[in-house]
Undergrad: 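Structure below; questions to follow.
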2 protein chains.
Amino acid sequence: MNNNITLSDIAKALNLSVSTVSRALTDSYQIGDETKQKVLAYAKEHHYVPNRMARSLREGKSRSIGVIVCSIDNSFMAQMLDGIDRYCSERDYQIIIMQSKELYEQEKANVSLLYAGGIDGLLISPSYQTTDFSHLTNLQQAGLPVVLFDRLSNHIETHKVAVDNFKGAYEATVHLINNGYRAIAHLNWNTQLSVATERFKGYQKALEDFGIAFNPDWVKFCDTTNAATLDEELATALQELMALKQRPQAIFTATDLLSTKCLAHLHQSGLRIPDDIALIGFSNTDLAEVLNPSLSTIHQPSFEIGRLAAQQLLTLIADNNTQPFETILLPTKLQVRESSQAKF
Amino acid sequence: MNNNITLSDIAKALNLSVSTVSRALTDSYQIGDETKQKVLAYAKEHHYVPNRMARSLREGKSRSIGVIVCSIDNSFMAQMLDGIDRYCSERDYQIIIMQSKELYEQEKANVSLLYAGGIDGLLISPSYQTTDFSHLTNLQQAGLPVVLFDRLSNHIETHKVAVDNFKGAYEATVHLINNGYRAIAHLNWNTQLSVATERFKGYQKALEDFGIAFNPDWVKFCDTTNAATLDEELATALQELMALKQRPQAIFTATDLLSTKCLAHLHQSGLRIPDDIALIGFSNTDLAEVLNPSLSTIHQPSFEIGRLAAQQLLTLIADNNTQPFETILLPTKLQVRESSQAKF
DNA sequence: CTGTTAGCGCTTTCAT
DNA sequence: ATGAAAGCGCTAACAG
């Protein structure tokens, strides 16, 4: 820990009391301009920085928030964390990141640890396993503000920030339809979280709006949480799809991992994309452009999601958690590349 | 911040003094067994958890360390952070992660912020721009232990943890040689950090040991920090390589990004891998197996690097930074897949 | 406008 | 073996 100067050092040097110095530094109205300037100058000159621990102890706030995500190991998460980080560090709030690794038990453990560690609020993107939210409602009952981001759920009432997954999925599907594809398969994720259900609904609505009959054979759900088995599951799903008598001409994938892995698998099976089968999927990967072929994606404003979620939380903390619950949905962006080009 | 019970709550309930309770909980020898048990039981029952701020303030230590990395946005970093996180959280140390984004100025800003925030020590993997380490030696002079991990440099004397990059590169090159390749190109990163220089040296040494003349035309340095220009640079480099009259038959890439991007580029140019050109590279990507073709890699024990670095730092903190400087190099692992198969 | 004082929760002398 | 008291650095109620 650093050995910087303290308020009392400044007070002694300037022949003032500690409280005067404190007030001067917080720009209190009750301090004379002259004194204020003197204190500010001295503080700056000697690189005064308030002791975080002392302030926290005194204020009963730690100026730190917990952030729980499934895993920091993907660009989408990293981008959201970046947004959170930027907003918080600008306001002198520390973030403590923990990973649930998609495990409910791990998530509960994280929550306990963070709570014990004295966070002022929690930002969480729940694990795919999570269906019971009592560990979060407990937190709320203890007076701690909780903001859900990215992955939402109707099983808990709280503040929420994510994208409009329904609309994003709808647009992706419509894009395929407009490019001449009618037989459109859908790969999704085997979870109850909004990211999955909303995207499925968007897909269905688009088909409906364009008078295309919904075919349950064209929809497959995979467990994307287990990298080891995902490849098998995906291979099986694709095989089944391609073996159908009414073979799909395009696929809309609902998650980052499904999108990239699907591209790889189709490639390996020797299928030409988009000639044999077109592909578009939710993904924020930086490699979309450089994949072979380049991958059409539904892109999410990840940085902004993180930023907004952090903003929500910090506002709640400042307002003593009195704001009414609110759900913010940001728009997605369709990025058309080679993998979903129209057939000639 | 949580409103848990405090020492004084326990003291009151048990009719003891605060100091007795404190000592009982830290298992002091000077407390009777009976009292100790009573206190421990009560504490457990009421979920007592020490107030971090109070303890920090008192001890002059924050029980938090700073971690600076280029970016959390890749699996290798995420894995190392995982190792750091595991070791620290088991010991009730918090980590504060900051990203330099490969920018020297950003890195300096991070260091200042962390120092002001009252960290007990710093774990850093320097940005590629960093050649001046005075911001770190300043920290050392202020008494703060600093541990370099992953990316080392000879320009600063401190504790260091990484892999044996020289040996890893040597083995990769030898692997190619053993598989019948003699004309071996090398793609590296345009920086002074050990990760780059040591890998280059390993490549050269392998050639030398097998009596293969070093050909400077076969070595290209790219700026992997700028994703926007990397693709161009890489395309140019590969074009130049393939246009040589003595065309290389294999490539050894020195970084994660170079390895995956190189594979993509070669693919797009219609070259067959490994028939037209073989490829092996440093990479920890989980996708190595699923790439087309699967990518031979030199794998680093990322989790272990993080764990050891954290262990080093926490030991230094505990020992008041008195340990002599030490450099720990872990072994890499050669993972042979399709992209570097021997020609028939 | 400025100073005095108390207290956040903890550890650690110094007493007993 | 236990307790009393001080103090880490800060803020804020209270007093002038």
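Order of the sequence lines sets the chain letters (A, B, ...), proteins ahead of strands, with each chain counted from 1.
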Undergrad: Could you note down all residue pairs passing side chain to side chain donor-acceptor pair (under 3.5 Å) where residues 135-147 of chain B supplies at least one of them, sequence neighbours left out?
TA: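 Output for this query lists B/Glu107-B/His135, B/Gln140-B/Thr158.
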Undergrad: At under 4.0 Å, does any side-chain N or O of A/Thr20 touch on OP1 or OP2 of C/dG3?
TA: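 Yes, such a contact exists.
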Undergrad: Do the side chain of B/Asn74 and the main chain of B/Met77 share a donor and acceptor less than 3.5 angstrom apart?
TA: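 Answer holds: yes.
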Undergrad: Which letters describe nucleotides 8-16 of chain D, given B = protein heavy atom under 4.0 Å from base, S = only from sugar-phosphate, - = neither?
TA: BBBBBB---
Undergrad: Among residues at least two apart in sequence or on other chains, which ones pass side chain to side chain contact (heavy atoms under 4.5 Å, CB included) with A/Ser19?
TA: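 With neighbours one apart ignored, the set is A/Ser17, A/Arg23.
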Undergrad: How close or far is atom C1' of D/dA1 from atom CG of B/Asn15, stated in whole angstroms?
TA: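 Distance, rounded to whole Å: 16 Å.
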Undergrad: Between C/dG3 atom C1' and A/Lys12 atom NZ, what is the distance in whole Å?
TA: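 It works out to 16 Å between those atoms.
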Undergrad: Distance check needed: C/dC10 C1' versus B/Arg63 CZ, whole Å only.
TA: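 It works out to 13 Å between those atoms.
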Undergrad: To the nearest angstrom, how far is B/Leu14 atom CG from D/dA1 atom P?
TA: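 After rounding, the reported distance stands at 18 Å.
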Undergrad: Could you tell me which residues satisfy salt bridge (Lys or Arg N to Asp or Glu O under 4.0 Å) with B/Glu105, sequence neighbours excluded, listed by chain and number?
TA: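 Only B/Lys108 meet the salt bridge (Lys or Arg N to Asp or Glu O under 4.0 Å) criterion with B/Glu105.
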Undergrad: Applying ring pair (Phe, Tyr, Trp, His ring centres under 6.0 Å), name anything that partners A/Phe325, two or more places apart in sequence or on another chain.
TA: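 Scan of A/Phe325 (ring pair (Phe, Tyr, Trp, His ring centres under 6.0 Å), adjacent residues dropped) gives A/His159.
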Undergrad: Can you run down the salt bridge (Lys or Arg N to Asp or Glu O under 4.0 Å) pairs that involve residues 123-137 of chain B, sequence neighbours left out, and say none if there aren't any?
TA: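 Output for this query is empty, none listed.
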Undergrad: Whole angstroms only, please: what is the CG-P distance between A/Leu25 and C/dC1?
TA: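 Rounded to the whole Å, the gap is 17 Å.
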